[in-house]
Each structure stands twice: as C-alpha cells, then as structure tokens.
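Computed from a prediction, not measured in an experiment: that's the story for all the values here.
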Amino acid sequence: MELLERIEAHIRRHVLIEPGGEVTCLVSGGADSTCLWHALNQLGYRASAVHVNYGLRGDESEGDSSYCVEVLHARVIRPSNRLLLGPTEAALRDLRYSLTENLALRATGHTASDQVETVLYRLAASGSTRGIKPRREDGVVRPLLSVWREETEAYCREHGLAYRTDSTNPDTLRGLIREQIVPLLRRLHPAAEQNLARLADERPRLPRQLEDTLFELLATRDGTKHADLGQGIGATREYDRLSLAQGPVRWGPWLIDADDPALEVRTRRPGDRLAGRAKKLQDVFVDAKVPRAERDDWPVVVRENEVVAVPGIVEDAEVRVTRA
C-alpha cells in the first residue's frame with residue numbers, strides 16, 4: 001500500500017491524471033510498465049495498455065507481445081519495416097510516441113532509476129542535469145518517477161506478475177550506465193542514486209548558449225561590450241555594470257522595472273548618495289538594519305552616478321519593484 005500511496009501522491013502533486021480518469025499505458029512487458037498498468041488500475045484509474053512490437057528480437061519480441069496481450073490485455077501495434085530503418089534507442093522511442101499519439105492520455109513506466117540514468121547520461125554528454133519530466137510537452141505522463149526499479153520488480157513478484165526481461169538491455173547506453181556506472185557510484189556513496197535523482201528536481205539553468213554569451217560578456221571589465229540574447233533582448237556591459245536594454249531586471253529576489261531607459265541597476269559603490277539628498281547610501285543600509293554581509297550584493301537603481309531607489313528600502317515613483 002505504501003508504494004501505491006507514493007504513486008498516487010506523485011500523480012496528484014503534478015496533476016498527471018484526473019481521479020478515476022482514463023489512461024493508456026505504453027507497455028513493453030517489463031517490470032516497470034507491468035507495475036504501471038496494474039498499480040493504476042488498483043488506484044481506480046481506467047488503465048488500458050498498448051504494446052508496440054518492433055519485431056527486432058525475433059521470438060523474444062513475439063514473447064513480449066504475447067505476455068502483454070494475455071496478462072495486460074494490451075492492443076499490439078506492429079510498425080512497418082520501412083519505419084524501422086536505423087533503429088536507435090531514440091528513434092524507436094520517438095516512433096512509439098508517434099504511433100500512439102491519437103490515443104487517450106498516455107503513460108509510461110519511467111522510474112526514479114531511469115531518472116538517475118538520464119541525469120548521468122546528459123551530464124556526461126552535454127553538461128546538463130536536466131531529467132525526465134513528469135509530463136512531456138506532448139502530454140505523455142510518467143506516474144512512477146517516485147518509484148525505484150527494484151520496487152517495481154518486487155511489486156510484480158508480490159502480485160504474481162511474471163514480467164519480461166529484454167536480453168538486449170546490457171548492450172544499450174542505459175545498460176552500460178545501469179550495469180557498470182551506477183554500481184560504482186553506490187560504492188562511492190550509498191545515497192548516490194537518491195542524490196542524482198534530486199538534481200532533476202532543481203530549477204533549470206539558463207539555456208547553455210545564453211549562459212555562455214553572458215559569461216563571455218562579463219569575462220572582463222574593459223570598455224563597453226554588447227551581446228544579443230535573442231527575442232529582441234540585448235545585454236550591455238559597461239565596465240562593472242550590466243543593464244538589460246529591454247524589459248525588467250531580475251536581481252536576486254527582486255524584479256525591477258522602469259520606463260526611463262537611463263536608469264540602471266548595479267551594486268553599491270564608495271561615496272554613493274541618494275539623488276537630490278545628502279544622505280549616504282551607507283547610512284541608508286545602517287538605518288534599515290541591512291546586515292553588513294548583504295550590503296555589497298544589494299541592488300541599487302541609479303541614474304548616472306546618483307542613487308534613485310534601493311529595492312525594499314527607498315522607493316521612487318519611476319521605479320517599479322516586486323519581490324518574488
């Protein structure tokens with residue numbers, strides 16, 4: 001019951017399936033998709049099954065189809081040979097999604113173990129820690145992302161479901177990660193898998209190209225440099241300032257906006273004073289009881305060298321500030 005409760009909590013948290021709703025499980029006959037189909041039905045969803053037989057493993061493929069039909073009551077789709085040219089892992093996955101796109105809400109049996117393997121692969125291949133989304137852009141949902149592969153196998157054994165095993169798995173990139181890399185990481189630290197899975201839950205970084213452009217822009221403080229960030233937004237670095245030429249500026253928890261293009265956002269400098277007043281910025285921070293360690297990172301809005309506003313402390317009619 002604990003496993004079912006965890007699956008239901010994940011579904012509700014990400015609003016994946018309406019209570020009692022209809023869902024089509026894309027099944028292979030393995031432990032993960034078998035657990036998916038059975039667990040969703042146990043939880044009261046109207047879960048049906050579809051199996052795509054690529055026919056690439058001869059009798060083993062036919063055995064998978066027979067199991068899915070007899071045990072999971074699945075409908076079998078057999079793609080034509082012309083669709084199977086150069087069948088890489090990614091191509092077969094995309095083919096499965098395209099062949100089933102006209103079905104009701106689709107679900108796959110991706111687990112937390114798959115999440116770990118995906119994070120490791122993308123980290124090695126592109127430096128990204130982007131993981132598997134609970135819901136794809138095309139609407140495919142992943143209700144088992146809070147469950148580990150060992151748990152789906154134990155669930156199947158407990159319910160007398162003799163799941164299928166793909167003999168070619170060890171020869172795939174996932175198989176390499178699963179059979180060789182993950183066991184070594186477990187030896188390095190027993191919580192390695194859980195820590196890697198958590199990476200997928202972190203807030204996404206900027207797109208790598210945009211990140212690289214900004215890093216290059218800020219690499220030196222010599223002169224003035226401009227970069228095109230796309231979508232009509234440009235960034236200009238003038239010595240030690242970074243100002244967005246269009247749109248509001250996000251600075252820590254602050255979102256700062258103004259109609260006057262002459263206004264800029266930067267950190268404090270020695271001798272800063274409020275515009276039209278004799279009061280020093282240093283005294284403003286002291287009066288507002290801003291901790292000394294936070295003052296150097298606090299944003300100030302300036303026109304030329306005069307401080308117009310200090311978010312959260314000093315307001316100005318021309319400056320709009322919201323805090324996230």
Side-chain angles (χ1 to χ4, degrees), residues 1-8 10-11 16-79 83-84 87 89 92-114 132 134-136 138-169 172 174 178:
M1 287 302 297
E2 188 273 335
L3 183 69
L4 292 177
E5 290 170 359
R6 203 174 344 137
I7 294 171
E8 178 68 8
H10 175 75
I11 292 172
L16 300 182
I17 313 170
E18 290 294 323
E22 182 179 355
V23 58
T24 302
C25 301
L26 306 185
V27 298
S28 65
D32 297 341
S33 60
T34 297
C35 171
L36 172 71
W37 174 83
H38 191 275
L40 291 183
N41 278 296
Q42 290 289 103
L43 288 168
Y45 298 101
R46 291 174 289 145
S48 58
V50 168
H51 172 74
V52 178
N53 183 351
Y54 305 109
L56 299 176
R57 294 178 288 116
D59 291 342
E60 188 174 324
S61 292
E62 294 306 313
D64 292 346
S65 288
S66 296
Y67 172 85
C68 290
V69 170
E70 295 167 9
V71 178
L72 309 181
H73 312 296
R75 178 162 71 90
V76 177
I77 298 175
R78 297 176 184 270
L83 297 176
L84 296 173
E89 289 181 69
L92 292 177
R93 179 188 63 236
D94 292 342
L95 178 59
R96 179 173 70 158
Y97 289 140
S98 66
L99 290 172
T100 59
E101 63 184 355
N102 62 334
L103 300 176
L105 177 65
R106 294 166 291 167
T108 63
H110 288 90
T111 65
S113 302
D114 294 303
I132 301 170
R135 181 189 295 272
R136 277 172 50 105
D138 59 6
V140 175
V141 298
R142 282 71 177 258
L144 300 187
L145 282 181
S146 62
V147 177
W148 297 91
R149 184 172 297 115
E150 294 83 357
E151 293 180 299
T152 67
E153 293 171 350
Y155 180 93
C156 289
R157 289 193 296 270
E158 179 183 346
H159 291 85
L161 301 167
Y163 56 86
R164 303 282 294 177
T165 301
D166 186 342
S167 64
T168 66
N169 274 341
T172 64
R174 279 194 177 275
R178 185 180 306 170

Backbone N/O of T34 and side chain of H38: donor-acceptor pair under 3.5 Å: no
Output all residues satisfying salt bridge (charged side-chain N to carboxylate O under 4.0 Å, His left out) with E150, sequence neighbours left out; order by chain, then residue number. R186
Under the salt bridge (charged side-chain N to carboxylate O under 4.0 Å, His left out) definition, can you give me all pairs with a residue in residues 33-52, not counting sequence neighbours? none
Close side-chain approach of T152 to Y163, heavy-atom, < 4.5 Å: no
Apply side chain to side chain donor-acceptor pair (under 3.5 Å) to D114 and T111, showing your working. CA-CA 5 Å; D114 294 303; T111 65; 3.2 Å; yes
Provide the full list of salt bridge (charged side-chain N to carboxylate O under 4.0 Å, His left out) pairs with a residue in residues 31-44, sequence neighbours left out, each pair given once. D32-R149
Which residues pass the side-chain contact (heavy atoms from CB on, under 4.5 Å) test with S146, not counting sequence neighbours? R6, H10
What are the two closest heavy atoms between V71 and L161, and how far apart are they? CG1-CD2, 4.0 Å
Taking all non-hydrogen atoms of both residues, which atom of S33 and which atom of S28 are closest, and how far apart? OG-N, 3.1 Å
Pairwise distance CD(Q42) to CG(L3) - rounded to 0.5 angstrom: 11.0 Å
At their closest point, which heavy atom of L56 faces which heavy atom of S61, and how far apart are they? N-OG, 3.6 Å
Taking all heavy atoms of A39 and all of I7, pick out the closest pair and write down the distance. CB-CD1, 3.9 Å
From I11 atom CD1 to L16 atom CG, the distance as rounded to the nearest 0.5 Å: 6.5 Å
With side chains defined as the heavy atoms from C-beta onward, is the minimum distance between V76 and C68 less than 4.5 Å? no
So how far is it from L26 CG to L99 CG, rounded to the nearest 0.5 Å? 10.5 Å
Residues in side-chain contact (heavy atoms from CB on, under 4.5 Å) with R136, at least two apart? Y97, D138, V140, R142
So, using side-chain hydrogen bond (donor to acceptor under 3.5 Å, both in side chains) as the criterion, who are the partners of R174 when residues are at least two apart? E117, T118
Please enumerate all residues that pass side-chain contact (heavy atoms from CB on, under 4.5 Å) together with D94, with sequence neighbours excluded. none
Which heavy atom of Y54 sits nearest to which heavy atom of P79, and what is that distance? CD2-CG, 4.0 Å
If the condition is side-chain hydrogen bond (donor to acceptor under 3.5 Å, both in side chains), which residues does E62 pass it with, not counting sequence neighbours? N53, R78
Rounded to the nearest 0.5 Å, how far apart are CG of L43 and CD of E5? 9.5 Å
Can you confirm whether T100 sits close enough to T24 that some side-chain heavy atom of one is under 4.5 Å from a side-chain heavy atom of the other? no
Under the salt bridge (charged side-chain N to carboxylate O under 4.0 Å, His left out) test, which residues partner E18, sequence neighbours left out? none
OG-CG distance between S48 and L40, expressed to the nearest 0.5 angstrom: 10.5 Å
Any chance you could measure E151, atom CD, to E2, atom CD, to the nearest 0.5 Å? 7.0 Å
Mind checking what makes side-chain contact (heavy atoms from CB on, under 4.5 Å) contact with E60, not counting sequence neighbours? R57, R164, D166, S167
From CA spacing to verdict: side-chain contact (heavy atoms from CB on, under 4.5 Å), Y67, H51: CA-CA 10 Å; Y67 172 85; H51 172 74; over 6 Å; no
Return each pair, listed once, that meets salt bridge (charged side-chain N to carboxylate O under 4.0 Å, His left out) where at least one residue sits in residues 67-77; pairs must be two or more places apart or across chains. none
Partner residues of E8 under the salt bridge (charged side-chain N to carboxylate O under 4.0 Å, His left out) criterion, sequence neighbours left out: R12
Nearest non-hydrogen partners of S98 and L95, listed with the distance: OG-O, 2.9 Å
Looking at side-chain heavy atoms only, is the closest gap between L105 and V141 below 4.5 Å? yes
